[in-house]
Undergrad: 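Here you go, one structure.
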Amino acid sequence: METLDAIRTRRSIRKFKSAAVPDELINKLLEAAMYAPSARDTQSWQFVVVTQKDILHKIPRIHPHANMVYEAPLAILVCGDTLLESITEYNAVNCSAATQNLLLAAHDLGLGSVWLGVYPRKEIMEPIVQMFDLPENIIPISLVPIGYPDETHDTPVRFKKSRIHFNRW
């Protein structure tokens, strides 16, 4: 798949088939995430790979927009590590770039995914920290349910010239 086509045609997928995602594809997803750019080149991300159904099924109880996780065979929690990057906002930016790479890689591999925000919502972050026993230096940033898609979406037109400004506002 061409990069620009992947960017244009990737859609948020919230319905998944029950088939497991093979370890080989999980590794490709994580590798793609780790090739994201990062502020100050700290590469301050850490990942929690969740494949156990009993754990996946607990996530919607603490994240109000995570009902699709009941169907997903896989979710990846993208976290920032304050030992690698002390500036919280840079962790959020770094992990966002890694999350975007993860979403694009999933699309390229024939998988569906959706970005669920965790940071900066304390009411979601704190239960996630407890649920996954995250160390004090780990900040949960985003959660990405992944699986083989059981839905399709058309590609909307999102290019808006009115949002482009040259040289100054």
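As a basis for the values below, the full set of heavy atoms in this structure was taken, side chains included, without hydrogen atoms, waters or symmetry mates. Quick note: residue numbers are just sequence positions, from 1. Predicted model, so just to flag it, every value in this text is computed and none were measured.
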Undergrad: When rounded to the nearest 0.5 angstrom, what is the spacing between CD1 in Ile141 and CD1 in Ile128?
TA: 12.0 Å
Undergrad: Minimum heavy-atom separation for Ala6 and Leu104, please, with both atom names.
TA: O-CD2, 3.7 Å
Undergrad: Looking at Asp154, I want to see if its CG is surrounded by more than 12 non-hydrogen atoms of other residues, nucleotides or ligands under 6.0 Å.
TA: no
Undergrad: Using only atom types and a distance under 3.5 Å, with no angle test, would you say the side chain of His153 pairs donor to acceptor with the backbone of Arg10?
TA: no
Undergrad: Same hydrophobic cluster for Leu109 and Ile146, using side-chain heavy-atom links shorter than 4.5 Å among ILVMFWY?
TA: yes
Undergrad: If hydrophobic clusters are built from ILVMFWY residues whose side chains come within less than 4.5 Å, do Met125 and Leu116 share one?
TA: yes
Undergrad: Are the side chains of Ile164 and Phe159 in contact, using a 4.5 Å heavy-atom criterion?
TA: yes
Undergrad: Can you give me the closest heavy-atom contact between Pro37 and Ala97, atom names plus distance?
TA: O-CB, 3.6 Å
Undergrad: Quick one: pull up CD in Glu123 and NE2 in His63 and give me the separation to the nearest 0.5 Å.
TA: 9.0 Å
Undergrad: For Pro73 and Ser18, work out which heavy atoms get closest and say how close.
TA: CB-O, 4.3 Å
Undergrad: Locate the shortest heavy-atom distance separating Val114 from Pro145; write the atom from each residue and the value.
TA: O-CD, 3.1 Å
Undergrad: Going hydrophobic residue to hydrophobic residue with side-chain gaps under 4.5 angstrom, can you get from Met34 over to Val49?
TA: yes
Undergrad: Answer yes or no: is there a side-chain heavy-atom contact under 4.5 Å between Val50 and Val69?
TA: no
Undergrad: Can you classify the ring geometry of Trp45 versus Phe47 as parallel (below 30°), tilted (30 to 60°) or perpendicular (above 60°)?
TA: tilted
Undergrad: State whether a side-chain donor-acceptor pair under 3.5 Å links Asn91 with Glu89.
TA: no
Undergrad: If I take atom NZ from residue Lys58 and atom CZ from residue Phe132, how far apart are they, to the nearest 0.5 angstrom?
TA: 9.5 Å
Undergrad: Under 4.5 Å between any side-chain heavy atoms of Ile124 and Pro64, yes or no?
TA: yes
Undergrad: Quick check for you: to the nearest 0.5 Å, what is the distance between Thr42 atom OG1 and Ile87 atom CD1?
TA: 9.0 Å
Undergrad: Are Val144 and Phe16 linked, directly or through other ILVMFWY residues, by side chains that come within less than 4.5 angstrom of each other?
TA: no
Undergrad: Between Glu151 and Arg14, does any NZ, NE, NH1 or NH2 come within less than 4.0 Å of an OD or OE carboxylate oxygen?
TA: no
Undergrad: I would like to know whether Glu24 and Asn27 meet side chain to side chain contact (heavy atoms under 4.5 Å, CB included); could you show each step before the answer?
TA: CA-CA 5 Å; Glu24 176 187 335; Asn27 287 333; 5.8 Å; no
Undergrad: Just wondering, are more than 12 heavy atoms of other shown residues or ligands nearer than 6.0 Å to NZ in Lys53?
TA: yes
Undergrad: Given the rule that I, L, V, M, F, W and Y join up when any side-chain heavy atoms are under 4.5 Å apart, are Leu103 and Val78 in one cluster?
TA: yes
Undergrad: Quick one: are Pro135 and Gln46 in side-chain contact, heavy atoms under 4.5 Å?
TA: no
Undergrad: Tyr148 vs Leu111, test: side chain to side chain contact (heavy atoms under 4.5 Å, CB included). Steps then yes/no.
TA: CA-CA 5 Å; Tyr148 291 96; Leu111 299 167; 3.6 Å; yes
Undergrad: CG of Asp108 to NZ of Lys28: how many Å apart, nearest 0.5 Å?
TA: 9.0 Å
Undergrad: Are more than 12 heavy atoms from other residues, nucleotides or ligands located less than 6.0 Å from atom OH of Tyr35?
TA: no
Undergrad: Using every non-hydrogen atom in the two residues, find where Cys79 and Pro140 come nearest and quote the distance to one decimal.
TA: SG-CA, 3.9 Å
Undergrad: Distance check, rounded to the nearest 0.5 Å: Thr99 atom OG1 versus Asn94 atom CG?
TA: 10.5 Å
Undergrad: For Ile138 and Asp81, run side chain to side chain contact (heavy atoms under 4.5 Å, CB included): C-alpha distance rounded to whole Å, both residues' side-chain angles, the deciding distance at 0.1 Å, then the answer.
TA: CA-CA 5 Å; Ile138 301 297; Asp81 188 334; 3.7 Å; yes
Undergrad: Indicate the atoms forming the closest heavy-atom contact of Ala32 with Ala105, along with that distance.
TA: CB-CB, 3.5 Å
Undergrad: Go through it in stages, so that I can follow the logic: the residues are Arg11 and Thr152, the test is side chain to side chain contact (heavy atoms under 4.5 Å, CB included), and I'd like the CA-CA distance, side-chain angles, deciding distance and then a yes or no.
TA: CA-CA 8 Å; Arg11 305 272 44 95; Thr152 58; over 6 Å; no
